[in-house]
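Report on one structure; see the data block that follows.
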Amino acid sequence: MSRCLYNSSFRTFLNTDDNSIFGLLCERYHGEALTTTREAWKSEIAIMKDVLHNFADKQGQIIFEYDIPRLGKRIDVVLLLEGIVFCLEFKVGESRILEADVDQVLDYALDLKNFHKFSEDRIIVPILIATNHRNSSTNIQMSVYDDRVVTPLMTGKSGISTLIYEVLKCFPNETPVNPDWIISPYAPTPTIIEAAKSLYENHTVEDITRHEADKVSTDRTIAYILDVIKKSKDAQEKSICFVTGVPGAGKTLVGLDVAVKQTYQGQDEPIEEEQAVYLSGNGPLVAVLTEALAQDNYKKCKDNGEKKKITDSRREVSKSIQIIHRYRDNMLAKIKNPVENGVLEIDPAKAVKMAKSGFGEVEHVAIFDEAQRSWTHKRLADYLKRGGTYGNKLKVPNFPLSEAAFLIWSLDQREDWATIVCLVGGGQEINTGEAGISEWIKALNEQFPHWKVYISPKLTDTEYAEGRVNELLKGNSNVTYSEDLHLSVSLRSYRAEKLSAFVHALLSFDENAATLYDEIKDKYPIVLTRDMAKARKWLHSKVRGTERTGVLVTKESARFKPLAIHMLPSGDENAVHWFLDDKTDVRSSNYLEDAATEIQVQGLELDYTCLLWDADMRYENGEWHFYRFNSQSKWTEQIANTESKQELQKYMLNAYRVLLTRARAGMVICVPTGNPNKTVSGFWEDSTRLPEFYDGTYRYLKSLGIEEI
């Protein structure tokens, strides 16, 4: 089973050798399990054998390492017994009961209650087992929230059986658990949707996407998409909208607003069977957005005297904002594997067919942010061939579709209607294997010709499928063009609507670049320096109050440490601290010590930025030349003599496009001087930072009239 590492009836579990069970856990685990994890599994198996000997005559199921659909969380052990769902969290070797551990097991129970269709009406009993703890809970009661979740129970290993017996005595007449519990559909309850609405209706997204410019364009786009959704529902058909726009034009805001408006449609209560979900493959964006909304909600509730934990707020937000890979992997868990004859099919043994959604997910509407970053067929097939899904070693050899095609296929599984909203940034593909908008169009033309396509007629710029979008759709009879689906005004840079045009001109050597700079420099200052100390001083002089500033570098940058800059480590939690912590915390972007890359900042923004321009992209003889550092001693030029090298150059250019459009109010571009010094022997002191690596770029930017400080 892809949803867990092991499951069986009580009888089978008791009759199976411990080592065999342990072997299955190790085999099905994704990656190499830590020694502590392996030892914990051995202890848990032995403990559960002792416990279940007392329930050998019961018809129950035991499940190890159960994955809560689409949340990426795992419960140590689940017991399905006499209609009750027991969530067991083990702390092997621990004698103390810690508050954080109690919160953890309660979170698992609430996640099942709120996200697991076949658990929403069940009694759920969270039990924390600190194996060396000497006492056990004696008071078994429902939580004060009247949601059929028992207040967390605590025990040592010797008290587990007794505690389970006492729970069964308290709740003796429960109906059996659905036999397909383990493959339950993902199904958020209305309470989660209501919580998400309360987050958004107070404009808490403003911390991420401030929009002081005229909103007419985004409002018109939102209205158009909602109309497409209504038409699709009325006609019981499948449709897809492509929302395109310049960096900072409000695509994310449009997606979030559509998700909420579609769910509520002007009512105080969510409309039944009208779910919409906002998905993004951008881990840092999802993490930062979720945490910002959760913190805001937590603070509001606390100010109102409500008893609420930050984990509750995070759970509420995660209903409507999710990482796209979780959605994709939940659908992958339903297919027949291996794939035969290049055709994906649902495996009825792995999925439950619902009346309207069929084998699809619960949502009618899926909003994919940064859809241009969906993976090519090759990248996704290679990833699945080696078993690259989260936690289960789910290997799918010979996977036949690109990520775009698979996501359309996933919504196509619904038996009634569905709408996909693709939010597409032009020239925003920044990593190997990102397909761009052309892959979506190819999938629609070749595999899903019955889908209605809604798109802007203005996609003639090279950033969108090399300017061939209209040509690619020429033979598709289901295409409707609307200018309402293109956002041409930057909301991020509220002082400079023409910033995106200037950045495009700068990167493409357009002769209008200098003129565009003159038009925006008074409202949106862009300055140039070769000294990081001056850059820091300029930034500190600009920010006021809680405005944010930060240093940006491309992921191909390499020689920034001599300038007292370090690259922000990967990991979404680091991006959360960098974007959200205030200036009293050294992890904050405001300290100007850790630089974020295009991977970490795409879709997000700061008030003022410093773009530290390294030697990875250089202006030489009227062209951009691209280099990669070998991590030791030298830069190597990336000549575009293969398709993969051409793609690499595109990604490197797009990285600078992303970084040049992250500031709302102004930016400083720092092009270092390099190290001009030589040793007494006449050799360069640092041959990785020669002045010639930087001088051409500096002179080009200065030729555009950019003011130097």
Side-chain angles (χ1 to χ4, degrees), residues 211-214 216-217 244-251 425-428 456-464 466-467 483 486-530 534-535 538-539 542 552 554 598 605-613 617-626 649-650 652-671 694-709:
H211 46 286
E212 299 177 31
D214 186 359
V216 172
S217 179
T244 55
V246 299
K251 294 184 293 293
Q428 301 280 292
S456 167
K458 293 185 176 180
L459 305 183
T460 55
D461 290 344
T462 56
E463 285 94 336
Y464 298 99
E466 291 72 48
E483 295 184 3
H486 184 66
L487 302 170
S488 59
V489 177
S490 174
L491 303 183
R492 175 179 300 126
S493 307
Y494 59 91
R495 297 182 183 177
E497 296 177 0
K498 294 185 178 179
L499 174 65
S500 297
F502 167 67
V503 169
H504 174 78
L506 181 158
L507 293 175
S508 61
F509 310 119
D510 190 307
E511 60 184 12
N512 294 318
T515 301
L516 287 166
Y517 173 74
D518 283 337
E519 292 178 7
I520 68 176
K521 65 181 181 181
D522 293 334
K523 294 183 178 180
Y524 184 95
I526 303 174
V527 297
L528 182 65
T529 185
R530 310 206 74 181
K534 289 183 178 180
W538 185 85
L539 291 171
K542 292 294 180 183
L552 307 176
T554 66
E598 69 274 17
E605 63 189 10
L606 299 167
D607 293 289
Y608 291 90
T609 64
C610 170
L611 170 54
L612 179 54
W613 202 304
M617 191 170 91
R618 312 172 193 173
Y619 181 86
E620 299 173 354
N621 301 318
E623 298 178 328
W624 294 119
H625 289 249
F626 303 89
Q649 288 192 0
K650 180 180 76 171
M652 293 175 74
L653 181 71
N654 285 345
Y656 277 92
R657 190 189 315 278
V658 168
L659 298 185
L660 284 164
T661 54
R662 293 308 97 191
R664 297 177 58 245
M667 68 176 144
V668 54
I669 302 173
C670 181
V671 183
Y694 306 93
D695 289 345
T697 303
Y698 163 74
R699 287 193 293 267
Y700 169 62
L701 296 175
K702 193 169 177 62
S703 74
L704 302 180
I706 301 179
E707 177 188 351
E708 186 170 11
I709 57 173

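Since the structure is predicted, the reported quantities are computational estimates derived from the model, not experimental observations.
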Open item on the list: Can you give me the closest heavy-atom contact between M617 and M652, atom names plus distance?
Closed with: SD-O, 4.1 Å
Open item on the list: Quick one: does any side-chain atom of R657 pair with a main-chain N or O of L653 as donor and acceptor, under 3.5 Å?
Closed with: no
TODO: Output the distance between atom CG (L612) and atom OG1 (T554), rounded to the nearest 0.5 Å.
DONE: 9.0 Å
TODO: Mind listing the closest non-hydrogen atom pair of A663 and T609 along with its distance?
DONE: CB-OG1, 3.5 Å
Task: side chain to side chain contact (heavy atoms under 4.5 Å, CB included) assessment of I669 paired with L660 - done: CA-CA 9 Å; I669 302 173; L660 284 164; 4.0 Å; yes
TODO: Indicate the atoms forming the closest heavy-atom contact of T529 with A535, along with that distance.
DONE: CG2-CB, 3.9 Å
Task: Aromatic contact, Y700 with W624 (centres under 6.0 Å) - done: yes
Task: Approximate separation, where rounding is to 0.5 Å, of D518 CG and N512 CG - done: 11.5 Å
- [ ] Please report the shortest heavy-atom distance between H504 and S508, naming the atom on each side.
- [x] O-OG, 2.7 Å
Task: CA sep, side-chain torsions, deciding dist, call: L528, K702, side chain to side chain contact (heavy atoms under 4.5 Å, CB included) - done: CA-CA 8 Å; L528 182 65; K702 193 169 177 62; 4.1 Å; yes
TODO: Would you please test V527 and W538 for side chain to side chain contact (heavy atoms under 4.5 Å, CB included) and show each step?
DONE: CA-CA 9 Å; V527 297; W538 185 85; 3.6 Å; yes
Task: Closest non-hydrogen atom pair, L516 against A505 - done: CD1-CB, 4.0 Å
TODO: Find the distance between CG (L659) and CG (L611) and round it off to the nearest 0.5 Å.
DONE: 5.5 Å
Task: Shortest non-hydrogen contact from P525 toward A665 - done: CD-O, 3.3 Å
Task: Backbone of W613 reached by a side-chain donor or acceptor of Y656 within 3.5 Å - done: no
Open item on the list: Check this for me, if you would: do D695 and R530 make a salt bridge, where the nitrogen-to-carboxylate-oxygen distance has to be below 4.0 angstrom?
Closed with: yes
Task: Separation between CG of L701 and CZ of R699, rounded to the nearest 0.5 Å - done: 11.5 Å
Task: More than 12 heavy atoms of other groups within 6.0 Å of E708 CD - done: yes
Open item on the list: To the nearest 0.5 Å, what is the distance between CD on E483 and OG on S456?
Closed with: 6.5 Å
TODO: Please check if the side chain of T697 supplies one atom and the backbone of Y619 the other of a donor-acceptor pair under 3.5 Å.
DONE: yes
TODO: Answer whether the closest heavy-atom distance between the side chains of L552 and V658 falls below 4.5 Å.
DONE: no
Open item on the list: Rounded to the nearest 0.5 Å, what separates atom OH in Y524 from atom CE in M667?
Closed with: 4.5 Å
- [ ] Could you check F626 against K650 for side chain to side chain contact (heavy atoms under 4.5 Å, CB included), going step by step and ending with a plain yes or no?
- [x] CA-CA 10 Å; F626 303 89; K650 180 180 76 171; over 6 Å; no
